[in-house]
There are 2 protein chains.
Amino acid sequence: MTSKKASASKSGTGTLGKAMAVLGIIAASPHPPRFTEILRKSDQPRGTLHRQLTNLVEEGLLNIRPDMSYELGYNLLKFAASAWAGNEFRLIAEPHLSRLHELTGETVHLGVLRDGQVIYLDKVEGTQSVRMYSQIGNASPLYCTGVGKAAISVLPQAEMEKCIASTIFHKYTDHTLKNANELRTEIEQIKLSGNAYDREEHEIGIRCVAAPIYSPNRTFVAGVSVTGPAYRVSADTLEGWAGLVRGTANAIMDDMSTRLGPRT
Amino acid sequence: MTSKKASASKSGTGTLGKAMAVLGIIAASPHPPRFTEILRKSDQPRGTLHRQLTNLVEEGLLNIRPDMSYELGYNLLKFAASAWAGNEFRLIAEPHLSRLHELTGETVHLGVLRDGQVIYLDKVEGTQSVRMYSQIGNASPLYCTGVGKAAISVLPQAEMEKCIASTIFHKYTDHTLKNANELRTEIEQIKLSGNAYDREEHEIGIRCVAAPIYSPNRTFVAGVSVTGPAYRVSADTLEGWAGLVRGTANAIMDDMSTRLGPRT
DNA sequence: AAATTCAATTCCATTAAATGGAATATCCGG
DNA sequence: CCGGATATTCCATTTAATGGAATTGAATTT
């Protein structure tokens, strides 16, 4: 009985939850899946799934392509543009991120913790002709990103453990942390210094230093980071920026408490 | 009977539709609304709305802020990032947009028609440190944007009329088209030349030339444009680019028919 | 501090909508 | 034109959403 309830609360509860689960399946597919393919990955019966897909298409959350494959719909972009432009936390952080970028000359990221992942909220980078939007909205793992490790370090013990326990340690590079204990050790260091580092743990040649941002009650947890290519940014340079990044995080927290009210 | 069915299909049908309607209300609010405010704008009863909000928060489509106001949630960004990165039409168009940008030196936009609006899908611009996400996902009116007018010009007659009929002509600038007849006249010219222009109709100082993109059966309709500031881009320059923009649109359509199969 | 007001939340009998197994229609390659 | 796979529709059953009313909670005033 209890096990039944526990599994039920896991995901896909209610009509909306199931619809989101379907979106998730399609988002996770490497190519636009067709009906039968989605049916296989979902645990819904034919009739049900078909109607769900029809509804999602009707709402513009999915596009159905001429070959009957499904891809995420344009209304998601529409809502996301609104979400991004209107997000108060991001708006508060924005000037601080710009300042940090000016002082360091390297790329600055802002990310929030959500469902055991980092979701990048904003990015300020140099005048590179790289494609934009490369990062915003992207969900990345906690254990191999500066923002992720910074964020997790300020979580209440119980939640931190939950995050760590549910982590699967994919080895992105030779420097990627290998298991929960390595992560726990590193988090202790982050707690002491107030800074997290990514030492080419996610991508070879990319380094970063980050600092945590959080509400007093820790229900909201985020992070800010400066990222640069290893050839241009030495480990020492990175450490030199640590205080600056912490300062940016603190300034953002100050602004939050004054603008959103201190009882967060 | 028929009227009942017609009005029912309008909006907010089914559980999912109602949820989206709530998201829409919150997206449209100039500031994060609280429960009672949303209640007033929606036509749902208290209990119903409250549970809908709770569900949306649970799915990460809404955030609830410490002062009990609601803003759009981070999962929308997550899904949108996926939608953007995976969108095949955008991927096909991408190199063509870059090329058009290189040839003109001005900002290039790609937008699709959806629910009588243009939704911008991509943007290629010069090395400006302008904010990202400034345009992508944004929904703009048809009658005063190059992409919008280009798109509407290739719609089947019936749908075009539906779009025009439901348009309200807000006067953004002195050059904004004033009514349905002016729009109809202009569309006739676009059909002949294959190019649409925005002559400071949406924003003073901004000009643009666009061309339509469409599937053979016209169920998919989009547009590509080159936009620039009036002080740098004369009306003549713009006309000089018209063929180039049409060429880009045609090249994209060619790629579409080869990559997505010709029976679109 | 008690009283008043306004907003948010919970409850639960009723109602409406989602479900899902099976039948049917449609597409595609041979 | 046929056979096999895929997508779509149907409708009795089940499950989840509904919504009016009562409760809780928080802020404001007397």
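What's counted below: heavy atoms across the whole structure, side chains too, no hydrogens, waters or symmetry copies. Numbers restart at 1 for each chain; the letters A, B, ... are given by sequence-line order, proteins then strands.
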From the options D/dT8, C/dG20, D/dA7, select the nucleotide whose nearest atom is closest to the side chain of A/Tyr70.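 Taking heavy atoms from C-beta onward, the closest nucleotide is D/dT8.
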Atom pair distance, as rounded to whole Å: [atom1] in [X] and [atom2] in [N]:
X       : N      : atom1 : atom2 : result
A/Ile38 : D/dT6  : CD1   : P     : 13 Å
B/Asp43 : D/dT18 : CG    : C1'   : 13 Å
A/Leu56 : C/dA18 : CG    : P     : 12 Å
A/Phe35 : D/dT6  : CZ    : P     : 11 Å

Any A/His50 side-chain N or O less than 4.0 Å from OP1/OP2 of D/dA7: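 A/His50 to D/dA7 OP1/OP2: no side-chain N or O under 4.0 Å.
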Looking only at side-chain N and O atoms, does A/Gln44 come under 4.0 Å of OP1 or OP2 in C/dA18?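 Answer no for this pair, as no side-chain N or O of A/Gln44 is under 4.0 Å from OP1 or OP2.
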Could you check A/Arg51 against B/Thr36 and say which one's nearest nucleotide on DNA chain C is further toward the 5' end?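 By nearest-heavy-atom nucleotide position, the 5'-most residue is B/Thr36.
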Starting at the 5' end of DNA chain C, which residue's closest nucleotide do you reach first, A/Thr15 or A/Gly47?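 Whichever sits nearer the 5' end wins; that is A/Thr15.
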If I take atom CG from residue B/Leu61 and atom CE from residue A/Met20, how far apart are they, to the nearest 0.5 angstrom?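 Between B/Leu61 CG and A/Met20 CE, I get 4.5 Å after rounding to 0.5 Å.
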Could you check B/Lys18 against A/Asp67 and say which one's nearest nucleotide on DNA chain D is further toward the 5' end?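 Between the two, 5'-proximity favours A/Asp67.
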Starting at the 5' end of DNA chain D and moving along, which residue's nearest nucleotide shows up first, A/Met68 or A/Gly14?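 The answer here is A/Met68.
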Indicate, with a heavy-atom threshold strictly under 4.0 Å, whether A/Arg46 touches base, sugar-phosphate, or nothing.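 It contacts base atoms.
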When we call it a touch if two heavy atoms are under 4.0 Å apart, what does A/Thr48 touch: a base, just sugar-phosphate, or nothing?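 Contact class for A/Thr48: base.
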SB check A/Arg184 A/Glu161 (cutoff 4.0 Å):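 Between A/Glu161 and A/Arg184 there is a salt bridge, with a charged N closer than 4.0 Å to a carboxylate O.
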Check this for me: does any side-chain nitrogen of one of B/Glu88 and B/Arg259 sit under 4.0 Å from a carboxylate oxygen of the other?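 Salt bridge between B/Glu88 and B/Arg259, a charged N being under 4.0 Å from a carboxylate O: no.
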Check whether any side-chain heavy atom of B/Leu16 lies under 4.5 Å from a side-chain heavy atom of A/Thr15, and answer yes or no.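 B/Leu16 does not reach A/Thr15 side chain to side chain.
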